[in-house]
Every structure is written in C-alpha cells, then in structure tokens.
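A quick write-up on the structure given underneath.
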Protein chains: 2
Amino acid sequence: MTSQDAPPLVFQVFNEIGIIEQLSRTVLEAHMPKGLIAPHFGVLNHLVRVGDGSTPMAMARAFQVPKTSMTHTVSGLVKHELVEMRPNPEDGRSKQVWLTDAGRALRARIISDMSPQFERLARDFDISKLQHILPVLTELRIYLDESRDRV
Amino acid sequence: MTSQDAPPLVFQVFNEIGIIEQLSRTVLEAHMPKGLIAPHFGVLNHLVRVGDGSTPMAMARAFQVPKTSMTHTVSGLVKHELVEMRPNPEDGRSKQVWLTDAGRALRARIISDMSPQFERLARDFDISKLQHILPVLTELRIYLDESRDRV
DNA sequence: CTATATTGGTGCAATATCGCACTAAAGGAG
DNA sequence: CTCCTTTAGTGCGATATTGCACCAATATAG
C-alpha cells in the first residue's frame, strides 16, 4: 500500500494544476456574458495579443485542441458578432478570423472586470512566489508540448 | 495599447497552468480505456486515496464540479463496473460510492502504465524545480478555493 | 501536366458539462 | 408533531468536445 500513499511529486503537481485550472476557469466564466465560456475568451485574447487574421487551424494548434473544437468555438464567436470570418487570400482552403469592435471591447471589459480580483490576489498572496514559479511552469509547458507527439 | 502588451503576472501564471492542464490531461487519457476520460480517473483515484464510501456530493465538492456532472461521471463508472453505488445508511437522501476490484485494478494499471513517462520527465526535467513550485501551487489552490464563494 | 497525398474546414454522431426543475429525505422553528 | 427550509440526487435540455468521414484546395511525385 505504500505506492498509493505517497503519490509521486509529478503526480501531485499535475493534480494541483488541474484544480487551479478549474477554479480559475470558473472565475473567468463568471465574468463572461451568457452563452460565452472560457474558450471564447481564449480566442478573443489570442487574436488581440497575436494579431487579427489568424486561421482556425493555426489557433487550434496554438490551443492544442482538435480543429472541430476550434470550428465550434469560432462559430460561437461569429454568432455573437465578436469576430468575423474572411476568406484567406493566400490559401483557398482556409479562412481568416478577424475581431470586430464588439469583440475587442468585450475582451477589454472582461479583463477590466477581473482586475479587482487580480489586485486582491496580489494583495493577499505573495506575488514574488508567483514570479518564481512562472518560469518553471513555462519550462514544464514547453517540455510537455515538445514531448506531446513523441509519446 | 500598453496594458495588453504586458499581461499581468497572475494572468500569465493562469495561462500556463491552463495549457499544462490540457497537455497533461491528454497524456492521462491516452492511457485510459476507451469510454473513460480524465474525470473517471479522478474519481477512482480519489476513492483510493481518500477511502471508499464517499458520497457523490462530497466528491462534487472535492472536485469543484456541479453535482449533475458528478452524477454523470459516477454513472459512467458504474456502467463499466468500476464502482458500485450503495445506499447511505446514515442518510436516506444520499448514496455511497464503493470501488470494485476492477476499479482498483484499473487505477493501479493506469498509474503503472504512466510511470515510464513520469520517469522520463524526472530524467529530462530538473525535479527540484517541481519540488519548489509544488507548495506555491498548493497555496494558490487553497487561496482560490477559499475565495471561491466570497466573489 | 497528371495523379496522388496532404491540408483546412465542416457536418454528423457520441459523449460530456452544466443549469434548471423536481422529488425525497433530513433538519430546524414554532 | 407540523410547517418550512435545506440538502442529495436525478431527468432533461442546451451547449461543448471530439472522433470520423467527407469535400475542396493545395502541395508533391513522377
């Protein structure tokens, strides 16, 4: 019975990460309008930060989700008129996703709505600890990402 | 445009955590039999570690998911005969979830199947870094958990 | 150039997630 | 005890996720 009493370190890390992901996603979604969830925000945020005109497949790869999932998420944003699809002039197979003004505005509003919570966390929590773990998380993410297809 | 070029630290941490969660979940699910996904493993693992006979609601709270989601997950495990439901002798409203031998065996097999990958990660990655971030992740998880209903 | 392989996107079906409403049991106020 | 509230669980419907199959466009082999 020893093995199950002492879960390996890696296991524990992934476990905590899973719980944090769930809790933080819930917080995010509490600030989103009805009908939109975390993946929608992810796409809006991605388009603002990386730039408009990305293709659905490029975003599916960026988020590591199947292309059908990205099609579905983007179509939800189109329905809410937060992005619009345009043909890709460089490749007849693909499309480009462009933000609308409403899309930009919604993303900005969600972020500003959440800022009090971030600030409270920054007050209550030792931020330097987060600064220390961020590079490790990034390294771990890169490792997992690169080992993804080798498995 | 400055605010969106420099996402706050907390934002970045949650972002990395979200990606790691997704990648690690994919790894886990690659080791699970067809028809079972990460939440099923979560419940099996929980029952082994915390002990048999927990109620669906207790687990819903532990995993921070709606009770309907837990009902669904547990019913999938029942269908695969990995757990069984019994009436709760102490409360006529609720039930208890007990592992079957097959449930215990499957959980053990999944863990042992994944151990080579954990070991490879332990070789390729500086484990002491994970040791350093684990307590911070735990602290962050506890903070979010406690602030969950205050928001 | 032609034939084949690959790639981007979508429709469809199976399953998952989750809010809402409802029932049954338990708890609490009087 | 009775009434009211709370709690555990489930049915149902809306939406999400994802594998599979397919089409159209592009890339590649010969």
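Just so it is clear: chains get the letters A, B, ... in the order the sequence lines come, proteins before strands, and each one is counted from 1. A quick note: this is a predicted structure, and the numbers were derived from the prediction, not measured. Atom set for the values below is all heavy atoms of this structure, side chains included, hydrogens, waters and symmetry mates excluded.
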Quiz prompt | Over 12 foreign heavy atoms within 6.0 Å of CD, E29(A) | solution = yes
Exercise. Indicate, with a heavy-atom threshold strictly under 4.0 Å, whether S94(B) touches base, sugar-phosphate, or nothing.
Key: sugar-phosphate
Practice problem: Let me know, please, whether Q22(A) or P56(A) comes out on the 5' side of the other along DNA chain C by nearest nucleotide. | Solution: P56(A)
Quiz prompt | Rounded distance in Å - CD (E29(B)) to C1' (dT17(D)) | solution = 11 Å
Self-check item: Spacing of I37(A) atom CD1 relative to dC18(C) atom P, expressed in whole Å
Solution: 9 Å
Quiz item: Quick check: are there more than 12 heavy atoms from other residues, nucleotides or ligands sitting under 6.0 Å from CD of E139(B)?
Solution: yes
Practice problem: Please state how far atom CE in M57(A) lies from atom C1' in dA27(D), giving the value in whole angstrom units. | Solution: 16 Å
Self-check item: Euclidean distance, atom CG of residue N88(B) to atom C1' of dT7(D) [Å, nearest integer]
Solution: 13 Å
Quiz item: Closer to the 5' end of DNA chain D via nearest nucleotide, is it T55(B) or V65(A)?
Solution: T55(B)
Practice problem: Return the value, rounded to whole Å, for the distance between atom NZ of K34(A) and atom P of dG19(C). | Solution: 10 Å
Quiz item: Is any side-chain N or O of S69(A) closer than 4.0 Å to OP1 or OP2 of dT18(D)?
Solution: yes
Quiz item: Got a donor-acceptor pair under 3.5 Å from the side chain of K95(A) to the base of dG9(C)?
Solution: no
Exercise. When you get a sec, tell me which of dT17(D), dA25(C), dC18(C) is the closest nucleotide to the side chain of P39(A)?
Key: dT17(D)
Quiz item: Do L130(B) and L121(B) touch side chain to side chain, with heavy atoms closer than 4.5 Å?
Solution: yes
Quiz item: K67(A) NZ to dA16(D) C1': how many Å, rounded?
Solution: 19 Å
Exercise. Would you please confirm or rule out a distance under 4.0 Å between OP1 or OP2 of dT10(C) and any side-chain N or O of T68(A)?
Key: no
Practice problem: Could you say whether R25(B) or K79(A) is positioned toward the 5' end of DNA chain D, judged by the nucleotide with the nearest heavy atom to each? | Solution: K79(A)
Quiz item: Is any side-chain N or O of R93(B) closer than 4.0 Å to OP1 or OP2 of dT23(C)?
Solution: no
Self-check item: Heavy-atom side-chain proximity of V78(A) to V83(A) below 4.5 angstrom
Solution: yes
Practice problem: Starting at atom NE2 of H72(B), determine the distance to atom P of dT17(D), rounded to an integer number of angstrom. | Solution: 15 Å
Quiz item: Considering all heavy atoms of both residues, which atom of G53(A) and which atom of W98(A) are nearest to each other, and what is their separation?
Solution: CA-CE2, 3.5 Å
Exercise. May I have the distance from F63(A) (atom CZ) to dT17(D) (atom C1'), rounded to whole angstrom?
Key: 15 Å
Quiz item: What's the closest nucleotide to the T73(B) side chain, out of dT17(C), dT10(D), dC18(C)?
Solution: dT17(C)
